[in-house]
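Below is one structure, written out as structure tokens, with a few remarks after it.
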Amino acid sequence: MENPKVQEILEKQVLTVVKAVEDKLDDEIAALDRLDLDDLEVLRERRLQQMKKMAEKRSRWISLGHGEYSEIPSEKDFFAAVKASDRVVCHFYRENWPCKVMDKHMSILAKQHIETRFVKIHAEKSPFLAERLKIVVLPTLALIKNAKVDDYVVGFDELGGRDEFTTEELEERLAKSQVIFFEGESSVNASKSSAQTRSVRQSAKSNSSDSE
């Protein structure tokens, strides 16, 4: 049988939490009551402007190919794509099982994160890019922000080292590098990646990578 004193303490704690929530709601309601019609109109106009800007962003993103997972046909098209979009996740692939696994998750995330463009490019048909960006292990995701490769996801090592990783695990890894966002905010308290930033428009500095 549960100790009556323990039960009493728990009930008091619950009441304290409920009282704190009620006080916060009362304060918010009081603040709204103090607003006059002019204040409400300003808030309404600000909200409308925010919605308009977001709609314009979504329209632009869609026009650039966001929302779909597509293949970049050539190295020239790669440079055009990363220049046009602020955030790009590029899958360097070849025709093998691990890359097909990555394709599946990329296709899902492309639809969920319209703020980022998701693309793939055949590594063996893009020797210039592969050499410049030191692509050795496949699959490799190049995480690109403002036309610069900011980070990499190499193989499945950071995803549990297995091909049964979930889309959510990949999503969290991409959010950690802030190349995707959740409702306008990063899903994790991400720290700046320690990976060396490379410009895709300039010669990359050498960076070691494990071979396949």
Would Arg173 and Asp151 count as a salt bridge (Lys or Arg N to Asp or Glu O under 4.0 Å) here? Give the steps.
CA-CA 11 Å; Arg173 173 61 183 86; Asp151 200 359; 2.9 Å; yes
Ignoring hydrogens and geometry, is there a side-chain-to-backbone donor-acceptor pair from Ser63 to Arg60 under 3.5 Å?
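Yes; at least one donor-acceptor contact below 3.5 Å.
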Scan side-chain atoms only and decide if Thr116 and His66 contain a donor-acceptor pair under the 3.5 Å cut-off.
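There is no such pair between these side chains.
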Asp103-Tyr93 side chain donor-acceptor pair, cut-off 3.5 Å:
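Judged by distance alone, the side chains do not pair up.
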Answer yes or no: is there an ion pair linking Lys125 with Glu75, defined by an N-O contact shorter than 4.0 Å?
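The answer is no: the pair does not qualify as a salt bridge.
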Out of curiosity, does [Y] fall in the hydrophobic cluster containing [X] (side-chain heavy atoms, cut-off under 4.5 Å, transitive links)?
X	Y	value
Val137	Ile144	yes
Ile114	Val88	no
Met106	Val101	yes
Met51	Trp61	no

Within this structure, what is the [atom1]-[atom2] distance for the pair [X] and [Y], rounded to the nearest 0.5 Å?
X	Y	atom1	atom2	answer
Leu174	Ile180	CG	CD1	4.5 Å
Ile121	Arg94	CD1	CZ	16.0 Å
Lys120	Ser107	NZ	OG	7.5 Å
Asp163	Trp97	CG	CH2	6.5 Å
Asp77	Glu71	CG	CD	11.0 Å
Glu168	Ile108	CD	CD1	8.0 Å

Looking at side-chain heavy atoms only, is the closest gap between [X] and [Y] below 4.5 Å?
X	Y	answer
Phe156	Pro98	yes
Cys90	Phe78	yes
Tyr69	Val119	no
His113	Phe118	yes
Leu25	Val21	yes
Asp150	Val179	no
Leu109	Thr167	yes

What do the steps show when you test Arg58 against Glu115 for side-chain contact (heavy atoms from CB on, under 4.5 Å), and what is the final call?
CA-CA 8 Å; Arg58 290 179 63 88; Glu115 75 277 8; over 6 Å; no
Quick check: closest heavy atoms across Met102 and Gly155, and the distance to 0.1 Å?
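Closest heavy-atom pair between Met102 and Gly155: CE-O, 4.4 Å.
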Return the minimal non-hydrogen interatomic distance between Leu159 and Phe165, and the atom names on each side.
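Here Leu159 and Phe165 meet closest at O-CB, 3.3 Å.
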Parallel, tilted or perpendicular for Phe79 and Phe128, by the 30°/60° rule?
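Tilted, since the angle between the ring planes falls between 30° and 60°.
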Is atom [atom1] of [X] surrounded by more than 12 heavy atoms (other residues, nucleotides or ligands) closer than 6.0 Å?
X	atom1	answer
Lys111	NZ	yes
Glu158	CD	yes
Arg46	CZ	no

Candidate pair Glu45 and Lys52, rule salt bridge (Lys or Arg N to Asp or Glu O under 4.0 Å), full reasoning
CA-CA 10 Å; Glu45 182 62 27; Lys52 181 180 178 181; over 6 Å; no
Apply side-chain contact (heavy atoms from CB on, under 4.5 Å) to residues Leu129 and Ile135 and explain how you reach the verdict.
CA-CA 8 Å; Leu129 272 178; Ile135 305 297; over 6 Å; no
Residue pair Arg117, Glu68: steps toward the salt bridge (Lys or Arg N to Asp or Glu O under 4.0 Å) verdict
CA-CA 8 Å; Arg117 188 170 182 194; Glu68 298 294 334; over 6 Å; no
Would His105 and Glu171 satisfy side-chain contact (heavy atoms from CB on, under 4.5 Å), going step by step from the backbone distance to the final call?
CA-CA 9 Å; His105 298 295; Glu171 184 177 38; over 6 Å; no
Apply the test side-chain contact (heavy atoms from CB on, under 4.5 Å) to residues Tyr152 and Leu141: give CA-CA distance (whole Å), side-chain angles for both, the deciding distance (0.1 Å), then the verdict.
CA-CA 6 Å; Tyr152 292 96; Leu141 302 183; over 6 Å; no
